Amino acid sequence: MAKVITPRSEDYSRWYTDVVTQSQMADYSPVKGCMVIRPLGYSVWEGMQRELDARFKETGHQNAYFPLFIPESYLHKEAKHVEGFAPECAVVTHGGGKKLEEPLVVRPTSETIIYAMYAKWIRSYRDLPVLINQWANVVRWEMRTRLFLRTTEFLWQEGHTAHATEAEAEDEALRILEIYRRFVEDHMATPVYTGLKTESEKFAGALRTYCIEALMPDGKALQAGTSHNLGQNFSKAFEVKFQTQEGDWAHVWQTSWGVSTRLIGALVMEHGDDNGLSLPPRLAPVQVVIVPIWKTDEEKRRIAEVARLAVEELKGAFRVQADLRDEVSPGWKFNEWELKGVPLRLEIGPKDLEKDQFLAVRRTDRKKTPVPRGALVARTGALLEEIQSEMLEKARAFLRQNTRDATDYTAFKKALDEVGGFFRAHWCGSPECERRIKDETKATIRCIPLEGNREEGRCLICGARSARWVYLARAY
RNA sequence: CGGGGCGUAGCGCAGCCUGGUAGCGCAUCUGCUUUGGGAGCAGAGGGUCGGUGGUUCGAAUCCACUCGCCCCGACCA
């Protein structure tokens, strides 16, 4: 294997594709727009699932599973929803060699089929709240696809809740948004801006859509998760009603929320470099790899034994493995494990054996630190924590440095082309101005912060009075 | 759907313009020497040149049609 990754500065898009395929996270499938998630990529997803699932459970949610196929008519029950999703639906018209009486839509999202079930299950205020999540695949017939970032089929989780009051639903939507924000910061080492989507950007059928927005190194924003307050739009369409304590009938208030395998794409871009993937320790399927170096058979015997003992010692606390292959050189292993993003490498060769130490090398900056064998567990833990927090700090600094105030439309357009990133800009709130920005610059309002953005100003576009600023960026 | 590019060995490519029966690098296999940043030498195996049709004595090469993928734009997590 020679140098296989196109330098990021040369061609960002190819760099991304190279990292994903060469690290063996994923590969293209025979079906256009679809991808195969290989063991490395899937392990990262499992790590995400593990963390998120625990947080959902902690906040009272349970997992369930709803069918892949949705009767086409269900999709039509909520006007805005069908308008938003119909164009990108895959539809099954035949089964068992016969034409179906009613076509089945392959779920692009599961609101409709889940709420049809909720209508059946919910009778009383005592049945509320319903807090269900499902881990599933969904299909959206996108025109243009990219590994992880936008594929025809993708994996995600979708939470669907039903509440007795509007306030409860709003609390739920915000609670989940906070779970997402903390997960991507704490585990993905990816800082985000949180806020509200504009009317034109919100989920088809939602009352309000909250989101987390990250910034990629090429200056483009990436929506990393969404949480919707659906109000009563779906409960009215699907007749999800309950009897209140007072004996009246009321429609439930609902939320839905999700993050997808797109997060893996964000992780690749956020931390990767010309040597390949660089995974934050908390999500790395392999956190520590031990690479032995030997010449003679005697060295091989002794060093392999030390490596095995180290794995024994570390495996209780870390995801660790030793690369004892004899058919490839140490140098080859260094490159391979760096390509695969392992955050910490422990080298052990004759010189280290002499000094009764390992040589720790960090993936992020290749900084080398000797680690005495006696302090292996403690020092490894400290190094991994250090790496995790430095990755977040670096990403935070990048986000900070690439968030600029925009007060002049011409200057804004210039900066958008030259450096990209997020722009804080005043917006009068009119759909016309929002439209104009999008049409003229391809940038969109990524989100309206929930707080801290109240100040008097002038709309970047029309100059009208504005009471708040919003985040603008070009996005994936 | 528009613009661009590409389909030749597992992977990356050359050959095509100017037709003559397929080559290079990496990988794989065997052997020996190697191992602290992608080792060296010697040998071996591996291809209906995306598909269909046409032109021709002869097509990877020329012509027509067709299929697929990637990249850039319009829709989207």
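Small disclaimer: the values here were computed from a predicted structure and weren't measured. By convention in this document, chain letters (A, B, ...) are assigned in the order of the sequence lines, proteins followed by strands, and residues within each chain are numbered from 1.
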> Between the base of B:rG38 and the side chain of A:E336, is there any donor-acceptor pair under 3.5 Å?
no

> Can we call the ring centroids of A:Y118 and A:Y115 under 6.0 Å apart?
yes

> Give me the residues of residues 211-222 of chain A where at least one heavy atom lies under 4.0 Å from an atom of RNA chain B, by number, or none.
none

> Looking just at side-chain N and O atoms, do A:T21 and A:D27 make a donor-acceptor pair shorter than 3.5 Å?
no

> Which listed nucleotide (B:rG37, B:rG73, B:rG36) is nearest to the side chain of A:R345?
B:rG37

> Has A:R140 got a side-chain N or O lying under 4.0 Å from the OP1 or OP2 atom of B:rA77?
no

> Heavy atoms only, 4.0 Å cut-off, all strands: where does A:D326 land among base, sugar-phosphate and nothing?
base

> Scan A:Y28 against the nucleic acid and name what it touches under 4.0 Å (heavy atoms): base, sugar-phosphate only, or nothing.
sugar-phosphate

> Between the protein and nucleotides 39-45 of chain B, list every N/O to N/O distance that falls short of 3.5 Å.
residue	atom	partner	partner atom	Å
B:rA39	OP2	A:S329	OG	2.6

> Between side-chain atoms of residues 77-85 of chain A and protein atoms elsewhere (two or more places apart, or another chain), which donor-acceptor pairs fall under 3.5 Å?
residue	atom	partner	partner atom	Å
A:E78	OE1	A:K80	N	3.1
A:E78	OE1	A:H81	N	2.9
A:H81	ND1	A:A204	O	3.0

> Just to be sure I understand the rule, does A:R325 reach a base, reach only the sugar-phosphate, or reach nothing, if contact means heavy atoms closer than 4.0 Å?
nothing

> Which of these nucleotides, B:rG36, B:rG37, B:rA74, is closest to any side-chain atom of A:D352?
B:rG36

> Who is the Watson-Crick or G-U wobble partner of B:rA39, with both distances under 3.5 Å?
B:rU33

> Report yes if at least one side-chain N or O of A:Y180 is closer than 4.0 Å to OP1 or OP2 of B:rA77; otherwise report no.
no

> Identify the residue among A:W156, A:W135, A:F148, A:F154 that makes a ring pair (Phe, Tyr, Trp, His ring centres under 6.0 Å) with A:W45.
A:W135

> Classify A:S260 by what it touches in the nucleic acid, base, sugar-phosphate, or nothing, heavy-atom distance under 4.0 Å.
base

> Could you list by number each residue of residues 280-302 of chain A showing a heavy-atom separation from RNA chain B of less than 4.0 Å, or answer none if no residue does?
A:I293, A:W294, A:K295

> Do A:W337 and A:W332 have ring centres separated by under 6.0 Å?
no

> Looking across every strand, which nucleic acid part, if any, lies under 4.0 Å from A:P87 by heavy atom: base, sugar-phosphate, or nothing?
nothing

> Residues in ring-ring contact (aromatic ring centres under 6.0 Å, His included) with A:F422, at least two apart?
A:Y193, A:Y471

> Identify whether any heavy atom of A:Q223 sits under 4.0 Å from a base atom; if not, whether one sits that close to sugar-phosphate; answer base, sugar-phosphate or nothing.
sugar-phosphate

> Over all strands shown, is A:L149 touching base, sugar-phosphate only, or nothing at heavy-atom distances under 4.0 angstrom?
base

> Taking only residues two or more places apart in sequence or in another chain, which ones pass side chain to side chain donor-acceptor pair (under 3.5 Å) with A:Q49?
none

> Side chains of A:R363 and A:N275: do they bring a donor and an acceptor to under 3.5 Å?
no

> Output the single nucleotide from B:rG73, B:rG36, B:rC75 whose closest atom is nearest the side chain of A:R144.
B:rG73

> Going by the side-chain hydrogen bond (donor to acceptor under 3.5 Å, both in side chains) test, name the single residue among A:H163, A:Q254, A:E172, A:E170 that passes it with A:N229.
A:E170

> Quick one: label A:K333 by what it contacts on the DNA or RNA (base, sugar-phosphate, nothing), any heavy atom closer than 4.0 Å.
nothing

> For the residue pair A:F56 and A:W257, is the inter-centroid distance of their aromatic rings smaller than 6.0 Å?
yes

